[in-house]
Every structure is written in C-alpha cells, then in structure tokens.
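Residue numbers begin at 1 in each chain, while the letters A, B, ... track the order of the sequences. All figures in this text were calculated on a predicted structure; none of them were measured in a lab. Values below: all heavy atoms of this structure, side chains included; hydrogens, waters and symmetry mates excluded.
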Number of protein chains: 2
Amino acid sequence: MLSAFEVVAEPNRRRILDVLREGRCPVGELSHRLGLTQPTVSKHLRVLKDARLVDVEQDAQRRLYRLRPEPLVELDAWLAPYRELWSQRLDALERHLTTMADDPPASARPSPPPRRKR
Amino acid sequence: MLSAFEVVAEPNRRRILDVLREGRCPVGELSHRLGLTQPTVSKHLRVLKDARLVDVEQDAQRRLYRLRPEPLVELDAWLAPYRELWSQRLDALERHLTTMADDPPASARPSPPPRRKR
DNA sequence: CGCGTATATGCCCATCAAGGCATATACTTG
DNA sequence: CAAGTATATGCCTTGATGGGCATATACGCG
C-alpha cells in the first residue's frame, strides 16, 4: 500500500482528486473528463481507495467515488515546517523590496535582488 | 526531471530534506546520519538538485548542500483547497462532539450514523 | 607529484508502476 | 434469462527507480 506521498506523486491521480473535490463522481465520467481509459481510471481509483483517499458508494451499476481528504493531513504536516521557511524568505524579499521602494523598477515585475557573489 | 511531487515521494529524500532544514550539511554527514551509503546519498542529492530543492556550495573537497524550499510551494498550492476541506470536516466533528458532550459515548470513537439501506 | 579524503558517476540488477487490451463481474431491464 | 451498461481485474510490455559496487574525479597536503 502506497503512502499518501506516493499516491499523490502521480499526476493523473492528482487530477482525479481535483475532480472529486467538486463532488462525487462515477468512473465513466472521470474517464471521460480526464481522457483516460476506464481501466486506467479504475486502477488509479483502486490505489486511491487503498490509501483511503476516496471511498465508494454503489448506485446501480455505477460506483460513485467520493473524496476523503484526511490522509492528506500527513502530507500537510510534513510540509508545515518548510512553509515557515519559504515564508520567511518571501518576507525577507518583501522587506527588501519595501526598503528599495524608491528605486525605479528595472522591469514591470520586481526582479530578485542583485546576485551576490558566492 | 522530476516534479517536486515525485521528488518528495521518496522517503529517503524527505529525510535528507528534513536534515537540511537544520542547515547546510556535507554529503558524508548526511550519509552517516541517515545510514545510507555515500553513492545513494549523492544520487538522491542529484535528484534534489535537479528539482532545485537544494543547492551546493563547495568547501575544499566537501560539498555543502543547502535546502531551497521554494519548489515546495507548488505542492503547498495544490494542497491548499484540500486543506480547507479537511478543516471543514474537523470543525464539523468538533461541533458534533461539543453538542454530544452530554451523551455517554457508546464507544471511545464516535461511531458513524446507522448504515442506511440502499 | 603522489596520496588521502570527499564526492560523483557508471554499470548492473531487481523491483515496480502505468497503461493497453481483453475479459470477468455485477447490476438492470425487457 | 438474455442483453446491455458500468466497472473491476488479469496479463503483458515498457520504462523508470533505487540501491550495491566499483571506479572516476576533484581537492588539499606533505
């Protein structure tokens, strides 16, 4: 069984989750909307189900898949300390730009601070 | 070149990043602290470098690797809408537990509502 | 310049994952 | 019960990955 990290590493699986974020959805519609064959979708859904990222509800012949976001908490938890790091960096950049606010901008978008010699 | 998603899908690479979060570190120390062979570490570092998740600074024979958290922003951005979903769920659970606070719990964990016939 | 240290790289192998295709299964309806 | 629809599963091929091991490369030092 794959970890949430590995499950979400696969682009098509992310796309499936993105669709399911809008609400439950049968396999056929996923297959159609994503341009993937039905077996491919079913296999990805199997992986997602094993990782508890989706669950299924049967509706006649169809199966409605529904998102279960909880396992993504693990991913978010791993990410959290890094989030602080890059926001520190962005804050620093912002402060820098504010300090430099009297400089005429060299371009429309703020360019990074002058490259320091390393 | 791997996406940030694929790069962090590998557990040892996450461990490397976790160590680098403490500050720059030479390959040998990573190898020692993680219990991985030096070639293995070097190969993972290569992948991390290609994904711009680390950069290198040369120090005599050693190479000091340093974390660059920016590419993780992509991961965080993908995650954001899901974060809202699960916090909604957790809020709902919390409200539920508060409301139910006077009920003697049937079990330690709240059980799901009675299964409906479909 | 030769040696030791630190790191990168190349080759090999085993594993695995993703998709194509065919087919099995399950449910519904006539 | 037969046929159709919706989905799951099995087999196969192909490509990629991680790690082990040996070796190449780079740097500093005596």
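Of all heavy-atom pairs spanning A/Ser31 and A/Thr37, the tightest one is OG-C, 3.8 Å. Closest heavy-atom contact between B/Ala9 and B/Arg14: O-NH1, 3.3 Å.
One interatomic measurement links the two molecules: CG of A/Leu34 to P of D/dT7, which rounds to 13 Å at whole-angstrom precision. When the P atom of D/dG30 is taken as reference, atom CD of B/Gln61 falls 12 Å away, rounded to whole Å. Here C/dA6 presents its C1' atom at 10 Å from CD of B/Gln58, a figure rounded to the nearest Å. Atom CD of A/Glu57 is separated from atom P of D/dT7 by 13 Å (rounded to the nearest Å). One interatomic measurement links the two molecules: CG of B/Asp59 to C1' of D/dA26, which rounds to 13 Å at whole-angstrom precision. The distance from atom CZ of B/Arg62 to atom C1' of D/dC27 is 13 Å, rounded to the nearest whole Å.
The residue B/Leu30 sits apart from the nucleic acid: no heavy atom pair falls under 4.0 Å. Within the nucleic acid shown, B/Leu2 comes within 4.0 Å of sugar-phosphate atoms alone, with no base atom in reach, counting heavy atoms only.
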**OP:** Go along nucleotides 8-14 of chain C 5' to 3' and tag each nucleotide: B for a protein heavy atom under 4.0 Å from its base, S when only backbone or sugar atoms are that close, - otherwise.
**Re:** BBBB---
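Taking the ring centre of A/Tyr65 as origin, the terminal cationic atom of A/Arg24 falls outside the region bounded by 6.0 Å and 45° from the ring axis.
To the nearest 0.5 Å, atom CG of residue A/Leu85 and atom CD of residue B/Glu70 are 9.5 Å apart.
Checked against side chain to side chain donor-acceptor pair (under 3.5 Å), B/Glu10 has no partners two or more places apart in sequence or in another chain. For A/Arg15, there are no salt bridge (Lys or Arg N to Asp or Glu O under 4.0 Å) partners at least two apart in sequence or on another chain. Taking the salt bridge (Lys or Arg N to Asp or Glu O under 4.0 Å) definition, one finds that A/Glu29 meets it with A/Arg33, sequence neighbours left out.
Sorted by first and then second residue, the pairs that involve residues 77-87 of chain A and meet salt bridge (charged side-chain N to carboxylate O under 4.0 Å, His left out), not counting sequence neighbours, are A/Asp76-A/Arg83, A/Arg83-B/Asp76.
B/Leu64 and B/Leu48 end up in different hydrophobic clusters when Ile, Leu, Val, Met, Phe, Trp and Tyr side chains are linked at under 4.5 Å.
Proximity of residues 7-20 of chain B to DNA chain D (heavy atom under 4.0 angstrom from any strand atom) is restricted to B/Glu10, B/Asn12, B/Arg13.
The side chain of A/His44 contributes an N or O atom lying less than 4.0 Å from OP1 or OP2 of C/dG19.
Closest-nucleotide positions on DNA chain C for A/Val47 and B/Leu64 were compared, and the one nearer the 5' end corresponds to B/Leu64.
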